[in-house]
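Beneath this line is the structure, given in structure tokens, with notes to follow.
For the single chain, residues carry numbers from 1 onward in sequence order.
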Amino acid sequence: MNLFTALRAGFPADLARIAVETADTPAPLHYTWGDLERGSAMLANLLASLSLPPRSRVAMQVDKSVEALMLYLAVLRAGHVVLPLNTAYQEAEIAYFIGNAEPAVVVCSKRNFGWVARTAFNAGTKHVYTLDDDRSGTLLDRAAFHADRHEPVPAAPDDLAAILYTSGTTGRSKGAMLTHGNLLANAQVLHEAWGWAGVNRAGGHDVLVHALPIFHVHGLFVAIHGALLSGSRMIWFNRFDPRGVAARLPEATVFMGVPTLYVRLLAEPALTREQCARMRLFVSGSAPLLIETFEAWQQRTGHTILERYGMSETVMLTSNPYRPESARRGGTVGPALPGVGVRVRSDKGAPLPAGEIGGIEVEGPSVFAGYWRMPQKTAEEFTADGWFKTGDVGRIDADGYVTIVGRSKDLIISGGYNVYPAEIEGFINEMEGVAESALVGVPHPDFGEVGVAAVVARPGAALDGEAILAALKQRIANFKVPKRVFVVPDLPRNAMGKVQKNLLREQHKSLFGG
Ligand code: MCA
Ligand code: AMP
């Protein structure tokens, strides 16, 4: 079944009810369930009018808006494949994604139209539209001519629905291919596991405060699918603002965030226990939630954050229990979700007993179909018996709770965004006068972890850390830019000549008071 059809089955019978209310537009906007249905139908009809081959890629790099959500739904119902792109990505990054995915349609913001259109047309894309967060742009202008009824194109469970690019520890980003079946299976599991279904069956309604970006799994799939499948209203923030979010919690029942959002909310004096009185669920994920944050939240609001674990390649894998709340354990990501297999194995592939630390491997209905046009990479990431190697390191206790203790992949997670050192080092190493560089993650009170670079100059060259930072800001997404650059005489190496990143991490671990 087309994922859109399944989600639409969760819309309330009364389509005149409010589905989404914007919280940070100049004036609040109210979108009914009928608006979502008709708006996405018009956009789907626009896509259909382009006579594209089935499963064409539609790339979107647009600011968050309800119209962007409608575009996502339209791509699903038209039977195409959505390629959501972080708005922070710059030309070099976008050129790679477009060149690799070969989208038939690209939708971008007006301010980027010049370079995005040039990049897209060079890569053979025929259709480039604009969409801004004030309901303007050529996409909506064109869609206005189309009918507001549209029959979703049938989709088999194995048909592709989305490609999410995740960077690699070596080489370029890989496009994780998620199918209609992957996304629907996960949405249905979370619907039951997190009590969306129970609230609805009991005749109540959930209200989700949506304050995450919608170009990643957390904001796009976990949060939005949860709300749509249960016919729950969303209070919609185009940008996260702790004071604004705290002010809307009294009307809400569910909130989802990366740990940085919880840290920033805790710093907001307006966040009180009374304000959270109607809330039934706070979910955290995408990065480790510090036990201090978990406990501070409990004390301040009386609620226990439910931490869960997932990946772009797998959607959600494990979750602390919804009920009883007392079964949620800080510092763990909970047991495997129903239908998901999680195991821990040694470097050599030997199964490890409960409590022992090793590589986390997973299988289940939401595990992706492979990396876009990279069969070799796909094969490398799966075991001989078909389990996906997450690159995360952890243990499973005797009662099934999973604890993540580290990563075997060289990855920094900063404010919930992934930064792959190899990619950033590549950009730095290309700069004039640079011999080599190393990027490491160090603790940061707001972002959890941030990147810090050590750079070695070529003989005779003079380097300036500030100039390197300024040059990086011109080229790559802002969240990937290291927070500090140190010019050093050499990098620490072991006897084998390998850079000892652990020594660099140790050296800089207190830079931000960590
Ligand atoms: C912004 N900056 C960052 C980050 N965000 N630097 C490092 N890490 C970041 N995450 C930069 C800005 O460009 C700016 O740099 C400076 O830091 C301060 O920015 P600030 O105004 O504080 O940032 P913001 O615009 O308020 O954004 C912070 C944020 C945002 C709201 C925490 O990063 C965010 O929405 N993160 C959520 C990411 C997310 O949804 N992840 C889910 C991935 P300058 O001053 O130089 O301009 S899905 C996933 O991981 C899996 C599947 C899962 O399990 O969910
Ligand atoms: P992404 O590539 O953006 O899909 O990021 C997936 C990675 O985020 C996982 O492999 C983990 O390393 C990390 N992650 C997600 N949720 C958690 C969590 N609750 N605790 C620790 N790490 C997490």
Side-chain angles (χ1 to χ4, degrees), residues 61 63-64 84-97 108-109 111-112 115-116 119 165-173 212-213 215-216 218 239-240 258-261 263-264 286-287 312 407 409-457 461-488 491 499 501 504-505 507-514:
Q61 190 197 27
D63 291 331
K64 186 178 172 184
L85 295 168
N86 193 320
T87 45
Y89 291 147
Q90 302 206 48
E91 196 163 345
E93 292 151 316
I94 293 292
Y96 172 76
F97 297 128
C108 65
S109 52
R111 64 178 183 279
N112 295 338
W115 63 264
V116 174
T119 309
Y165 275 86
T166 77
S167 298
T169 36
T170 53
R172 302 307 301 255
S173 291
L212 284 165
F215 39 69
H216 281 308
H218 200 160
R239 274 159 289 276
F240 173 67
V258 301
T260 301
L261 269 53
V263 169
R264 292 187 180 186
S286 313
S312 300
R407 302 170 202 129
K409 50 194 174 189
D410 191 11
L411 160 69
I412 299 167
I413 304 185
S414 187
Y417 288 139
N418 291 1
V419 180
Y420 280 87
E423 185 192 2
I424 316 308
E425 289 157 6
F427 279 105
I428 298 177
N429 294 348
E430 278 174 12
M431 291 180 190
E432 210 175 309
V434 172
E436 58 175 352
S437 63
L439 187 81
V440 293
V442 300
H444 189 274
D446 182 32
F447 292 124
E449 202 179 9
V450 292
V452 168
V455 184
V456 179
L463 289 179
D464 169 25
E466 288 302 317
I468 293 175
L469 278 179
L472 281 175
K473 278 188 187 169
Q474 298 296 316
R475 296 216 62 197
I476 55 174
N478 53 19
F479 65 88
K480 295 185 194 168
V481 176
K483 295 292 179 224
R484 294 284 278 280
V485 170
F486 294 97
V487 177
V488 295
L491 298 176
V499 176
K501 288 198 166 183
L504 286 173
R505 267 190 290 271
Q507 185 184 350
H508 296 300
K509 70 174 186 214
S510 305
L511 256 187
F512 302 97

Side-chain heavy-atom pair [X], [Y] within 4.5 angstrom cut-off:
X      : Y      : result
Val456 : Val434 : no
Glu91  : Ile94  : no
Leu85  : Phe215 : no

Val450 vs Val442, side chain to side chain contact (heavy atoms under 4.5 Å, CB included): CA-CA, chis, key distance, verdict: CA-CA 6 Å; Val450 292; Val442 300; 4.1 Å; yes

Under the rule for side chain to side chain contact (heavy atoms under 4.5 Å, CB included), what residues qualify as partners of [X], not counting sequence neighbours?
X      : answer
Pro482 : Ile424, Leu439, Ala453, Leu469, Leu472, Val485
Ser286 : His218, Val258, Arg308
Arg484 : Val452, Phe486, Leu511, Phe512
Asn112 : Gln61, Ser109, Trp115, Val116

Looking at every heavy atom in both [X] and [Y], which two are closest together, and how far apart are they?
X      : Y      : answer
Gly441 : Ile412 : N-CD1, 3.5 Å
Ala287 : Pro259 : O-CG, 3.4 Å
Pro445 : Val263 : O-CG1, 3.5 Å

Return each pair, listed once, that meets salt bridge (Lys or Arg N to Asp or Glu O under 4.0 Å) where at least one residue sits in residues 431-449; pairs must be two or more places apart or across chains.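 Qualifying pairs: Arg264-Asp446, Arg407-Glu449, Glu436-Arg493.
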
Where do Val488 and Val455 land on the side chain to side chain contact (heavy atoms under 4.5 Å, CB included) test, with the steps shown first? CA-CA 6 Å; Val488 295; Val455 184; over 6 Å; no

Please test Lys480 against Glu425 for salt bridge (charged side-chain N to carboxylate O under 4.0 Å, His left out), starting from the C-alpha separation and ending with a verdict. CA-CA 11 Å; Lys480 295 185 194 168; Glu425 289 157 6; over 6 Å; no

Taking atom types as modelled, find out whether Ser437 and Asn429 have a side-chain donor-acceptor pair closer than 3.5 angstrom.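 On atom types as modelled, these side chains qualify, holding a pair under 3.5 Å.
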
Does Lys64 have any salt bridge (charged side-chain N to carboxylate O under 4.0 Å, His left out) partners at least two apart in sequence or in another chain, and if so, which?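 For Lys64, no residue satisfies salt bridge (charged side-chain N to carboxylate O under 4.0 Å, His left out) once neighbours in sequence are set aside.
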
Suppose we screen for side-chain hydrogen bond (donor to acceptor under 3.5 Å, both in side chains). Which residues come up paired with [X], at least two apart in sequence or across chains?
X      : result
Asn418 : none
Gln90  : none
Asp464 : none

Pairwise distance OG(Ser414) to NZ(Lys483) - rounded to 0.5 angstrom: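 Output value for this atom pair is 6.0 Å.
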
So, taking the atom named CZ in Arg239 and the one named CG in Leu212, what distance separates them when rounded to the nearest 0.5 Å?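 Reported value, rounded in 0.5 Å steps: 14.0 Å.
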
Summary of side-chain hydrogen bond (donor to acceptor under 3.5 Å, both in side chains) pairs that have at least one residue in residues 468-478, sequence neighbours excluded: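 Output for this query lists Glu430-Arg475.
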
Check ring-ring contact (aromatic ring centres under 6.0 Å, His included) between Phe97 and all other residues, then give those that pass, not counting sequence neighbours.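 Partners of Phe97 by the ring-ring contact (aromatic ring centres under 6.0 Å, His included) criterion, ordered by chain and then number, come out as Tyr89, Tyr165.
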
Tyr96: ring-ring contact (aromatic ring centres under 6.0 Å, His included) partners, not counting sequence neighbours: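 Per chain and number, Tyr96 pairs via ring-ring contact (aromatic ring centres under 6.0 Å, His included) with no residue.
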
Ignoring hydrogens and angles, tell me if any N or O in the side chain of Glu93 forms a donor-acceptor pair with the backbone of Ala477 under 3.5 Å.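 Here the side-chain-to-backbone pair exists.
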
